[in-house]
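From a predicted model like this one, the values you see are computed outputs, not experimental measurements.
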Amino acid sequence: MTNENVLVLDFGGQYNQLIARRVRECNVYCEVKPFNKISVEEIKKLLPKGIIFTGGPQSVYGENAPSVDRELFELGFPILGICYGSQLMAYTLGGEVSTCLTSEYGKTKTYYDKDCVLFSNADIKEQAVSWMSHTDYISKLPDGFECVAHTDNCPVAAMANKDKKLYAVQFHPEVNHTEHGLCMLDSFLKDVCECTGDWNMENYAEKAIEDIRQKVGDGKVLLALSGGVDSSVLAALLSKAVGNQLTCIFVDHGFMRKNEGDEVEAAFKDWDINFVRVNAKDRFMDKLRGVSDPETKRKTIGEEFIRVFEAEAKKIGKVDFLAQGTIYPDVIESGAGDAATIKSHHNVGGLPDYVDFKEIIEPLRMLFKDETRKLGQELGLSDTLVWRQPFPGPGLAIRIVGEITDEKLEILQDADWIFREEIARAGLDRDINQYFAVLTNNRSVGVMGDFRTYDYTLALRAVETTDFMTAEFSRISYDVLSTCSSRIVNEVKNINRVVYDITTKPPATIEWE
């Protein structure tokens, strides 16, 4: 089955992959391509139902600014420009773009023309909030365009050429802070591009299974099974695709949450797969002695993972493919195209130069976390596995700030267990998308039983998000936080202070390291 396809042209902005996520949320398949890696001729062959230009950090009139061939606007494909993409459309078609007298960042009152198809949905009010992030603006419309939205400081917050199906918005409809932004995107996809919305997880699963079968053939596949959502969903997908050609190796590097190694083994013991557990804590600890830098931790753990897999593969016999549960946020944060590297993920940027497998396959690479969960449900995974708390591949190694020791591991495992237990008791475990404890390298003075203490500070982190690209800290009640703090300092040795992280993403990431 071939799905309707919308092309997202990437100009290097911070929300680019989020645009793709929103398009798929409208049940429309999309592909993201860097603007400089696809030609007009290639676009013609793709026959997209529509094209979306993303935002970007540069000025359209700047030296070496990203651009597109004017011919693209003459092909008849509906096009929506967002932020930089809107300015690029205006500039390329003969309009003018200038520097704002007053830049706009964040939530901004916006006035919409309800006659424009993008804003005609009954839920969208004539005045509503949009999310702005720009220092340039469209100062003169191209011929054939009309202004269809404005703000107090931006005369062209949106423009349209209805006849040519060209639309542009200065704000970011893909960001949750834009009121009814998803409705605007859906109107472009359904009313302008005439998409029917034929893409869903059932179709994705069918296509992914067929693609895996074609790629793998009669080869053997080795999967790093952590027991987390991503690798568990991938195990189910590969199991349906290649059956007993799959061997799942659970590498217990010693940085798992309390009792988690045994829980993972129990969860998969009845599956019709080849399951191997490798207890490798001593091996990983030896590699990480004296290491404090988080990037070095990630890369060291990534390489050691591969070496363990290679060793286990030799015991099994010839293995052709290494499968990884890499998902879209991993790829984005590790740097792709013109995007900046935020941090390396052990299953992306941490791979060594030489890997003793024919190929690495990553069937979940284009999915966000919530899409991965939906795929898991489609494949029949239990809720216990589908809704398991996200856990990074390096585990507690990147939730311990500074050098890792056995003592610190035990402290963090016990404290994290209490935090997760209290969140569940409060009935918040489904409302909070990720929550965990971080053992900082900071020690402070305290007093317990009239004695002076000088012990570690523990940080608690809890966030709410739909896509893990942006996140708000969870407003956990003081009563719950107080209970967590009291239990931790009383039940866990060497912690005398507990703090709660109230930073959003951005500017922070969800993990501390």
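With respect to the salt-bridge test (charged N to carboxylate O, under 4.0 angstrom), the residues Lys49 and Glu194 do not qualify. Between Asp501 and Arg461, at least one side-chain nitrogen of the basic residue sits less than 4.0 Å from a carboxylate oxygen of the acidic one, meeting the salt-bridge criterion. The pair Asp416-Arg420 meets the salt-bridge criterion, since a charged nitrogen lies less than 4.0 angstrom from a carboxylate oxygen. Ion pairing between Arg388 and Glu263 holds under the 4.0 Å rule for side-chain N and carboxylate O. Remark: Arg487 engages Glu421 in a salt bridge, criterion side-chain N to carboxylate O under 4.0 Å. A salt bridge links Glu422 with Arg425; the closest basic N to acidic carboxylate O contact falls under 4.0 Å.
Checked against the 6.0 Å centroid threshold, Phe53 and Phe73 count as a close aromatic pair.
Listed by first then second residue, pairs satisfying salt bridge (charged side-chain N to carboxylate O under 4.0 Å, His left out) with a partner in residues 470-486 read Glu472-Arg475, not counting sequence neighbours. Among pairs with a residue in residues 75-100, those fulfilling ring-ring contact (aromatic ring centres under 6.0 Å, His included) read Phe11-Tyr84, at least two apart in sequence or across chains.
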### Trace of the side chain to side chain contact (heavy atoms under 4.5 Å, CB included) decision for Ile52 with Ile79
CA-CA 6 Å; Ile52 298 178; Ile79 299 177; over 6 Å; no
### Task
Step by step, work out the side chain to side chain contact (heavy atoms under 4.5 Å, CB included) result for Leu72 and Leu9.
CA-CA 12 Å; Leu72 189 57; Leu9 279 187; 4.0 Å; yes
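Residues satisfying the side chain to side chain donor-acceptor pair (under 3.5 Å) criterion with Asp152, sequence neighbours excluded, are Tyr111.
Panel note: side chain Thr151, backbone Cys154; a donor-acceptor pair is recorded below 3.5 Å.
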